[in-house]
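Positions are given from 1, in the same order as the sequence printed here. Heavy-atom basis, side chains included; hydrogens, waters and symmetry copies ignored.
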Amino acid sequence: MPKTRKPEPMKDTFTSSLSQATDRMLPSDGSFTRPRRFSDLAESDLAEEVTDADIVIEDLAEPFPSPATTRGRALPQVQTDLWPLLHQQEPGKDQHILPGSQAEEDFRETDVSRAFDLLRTRLRQTVKQHGWTNIGVVSPTGGCGNTFTAANLAASLARIPSSRIVLMDMNMRAPGLAAALDMDASAAADLCDFLAGDVAISDYLLRASDSLAVGLNAQVQPDAAEILQDPATLDSIAHMQSALKPDMVIYDLPPLLCHDDASAFLPQLDGVLLVSDGTQTMAKHLKECERILEGQTALLGVILNRARASSIERF
């Protein structure tokens, strides 16, 4: 995969290189899914505004072992395709990310939108090369544009015909995906109940379009790190992947340096995109993030938000 030109060095910014199971997701007397936990029992008895964006995606130095089996945990085999069973909810007009608003049409003509399309294409090439699925979007600190980046990237990926993209709001301390997409999180089940296996996939995930499903969150969880490390969470995510067969799952994660939430979830990811803010992120922040990511998952690249106009070459 060809490399893009690195931006000119600038102070306080940084650019980096990059067991078989039966179908337990369907109730015996219906066509919709049921909670994974109850199935097991039955069987055993932001949007932040940005002025510009500079995206750098580079080849990985060495392939990482693929955690397509969620790092050694074999994906359960679900025979029924559950994607058509997801409830649909159209995004509102007060957003510029998904189709359905004039703001989205205007945004598609901007340099920022084209930058996300470039990122989309190179990311797809990388994940296809390595057979990856789970991609996290993280930032060193809050306010860097994490949710904005994750939502726009997922929307760009979902514009590819016949694709299946899942976008998950895993920032339990400051959930913002519902607001960014102008969608109603209360129309679906609670994220924590889904991760615990207490509600069905089809009762939690919402289809925002034919090719994009979103997992929203409306509740702040102070014990987010413990939830993300719960084995039930890993099982629920594995069941989701097996049932929906997505091309890619994008996880909007909390800041890496503020709490241990994102660090706890890193072993479940195939790779990470690191979001840097040109107005606040310092080189020492990104170096510390690289140290945390080393040996846990692949750093796919750095996305620079709010870049100085002088640092971006126009083509």
Side-chain angles (χ1 to χ4, degrees), residues 1-18 46-64 111-112 114-116 118-120 122-123 126 134-153 170-171 173-174 176 224-225 250-267 269-315:
M1 181 175 65
K3 298 182 180 180
T4 61
R5 182 192 62 79
K6 294 185 179 180
E8 294 297 326
M10 45 190 285
K11 182 179 180 182
D12 290 341
T13 60
F14 180 81
T15 301
S16 172
S17 61
L18 301 182
L46 134 98
E48 291 130 349
E49 295 296 328
V50 301
T51 57
D52 216 328
D54 188 21
I55 297 175
V56 178
I57 299 293
E58 297 192 0
D59 292 328
L60 301 178
E62 296 180 3
F64 268 59
D111 290 340
V112 177
R114 287 188 283 270
F116 277 112
L118 174 63
L119 172 61
R120 164 196 68 188
R122 298 194 171 181
L123 180 61
T126 299
N134 298 310
I135 304 300
V137 180
V138 301
S139 59
T141 56
C144 292
N146 215 54
T147 297
F148 174 86
T149 300
N152 276 282
L153 175 59
M170 302 294 277
N171 188 349
R173 297 184 190 271
I250 305 295
Y251 297 93
D252 179 16
L253 296 169
L256 197 56
L257 302 183
C258 297
H259 300 279
D260 63 332
D261 309 8
S263 298
F265 198 67
L266 289 179
L269 300 174
D270 296 314
V272 161
L273 292 169
L274 188 59
V275 181
S276 169
D277 186 321
T279 66
Q280 66 170 305
T281 303
M282 303 177 67
K284 64 180 181 181
H285 295 151
L286 293 165
K287 289 179 180 178
E288 177 62 16
C289 289
E290 281 194 324
R291 186 192 66 79
I292 294 173
L293 295 172
E294 185 176 3
Q296 296 292 326
T297 191
L299 175 58
L300 301 179
V302 173
I303 301 172
L304 179 59
N305 271 344
R306 300 186 182 94
R308 297 170 186 161
S310 60
S311 70
I312 301 176
E313 185 175 345
R314 304 295 177 182
F315 297 95

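- Taking both residues in full, the closest heavy atoms of P255 and P140 are given as CB-O, 3.7 Å, listed atom of the first, atom of the second, then distance.
- Here CD1 of I292 is found 10.0 Å from CG of L274. Values are rounded to the nearest 0.5 Å.
- Ion pairing of E294 with R291 is absent here, as no side-chain N (NZ or NE/NH1/NH2) approaches a carboxylate O to less than 4.0 Å.
- The backbone N or O of A174 sits less than 3.5 Å from a side-chain atom of N171, completing a donor-acceptor pair.
- Between atom CG of residue L304 and atom CG of residue D277 there is a gap of 8.0 Å, rounded to the nearest 0.5 Å.
- Each of T279, V112, T149 was checked for a side-chain contact (heavy atoms from CB on, under 4.5 Å) with N305, and the lone residue meeting it is T149.
- Put simply, CG on L153 and CG on L119 are 5.0 Å apart, with the number rounded to the nearest 0.5 Å.
- In this structure, CD1 in I250 is found 6.0 Å from CG in L123, a value given to the nearest 0.5 Å.
- The OG1 atom of T141 lies 12.5 Å from the CD atom of E288; values are rounded to the nearest 0.5 Å.
- Residues L253 and G136 share a closest heavy-atom pair of CD1-CA, 4.0 Å.
- Going from atom CD1 of I303 over to atom SG of C144 covers 11.5 Å, rounded to the nearest 0.5 Å.
- Shown here for H285 and L257, the closest heavy-atom pair between the two residues is O-CD1, 3.8 Å.
- Side chain of T147 to main chain of G176: no donor-acceptor pair is present (N/O by atom type, distance under 3.5 Å, no hydrogens or angles).
- Residues Q280 and G143 approach most closely at NE2-O, 3.1 Å, considering heavy atoms.
- Looking only at distances, a side-chain donor or acceptor of N146 sits under 3.5 Å from a matching main-chain atom of V137.
- Counting only heavy atoms from C-beta outward, the side chains of T297 and N134 never approach each other to under 4.5 Å.
- Judged as a side chain to side chain donor-acceptor pair (under 3.5 Å), and not counting sequence neighbours, the contacts of D261 are R173.
- Closest approach of S276 to V302, counting heavy atoms only: CB-CG1, 3.9 Å.
- Of all heavy-atom pairs between L256 and A262, the closest is CD1-CB, 3.7 Å.
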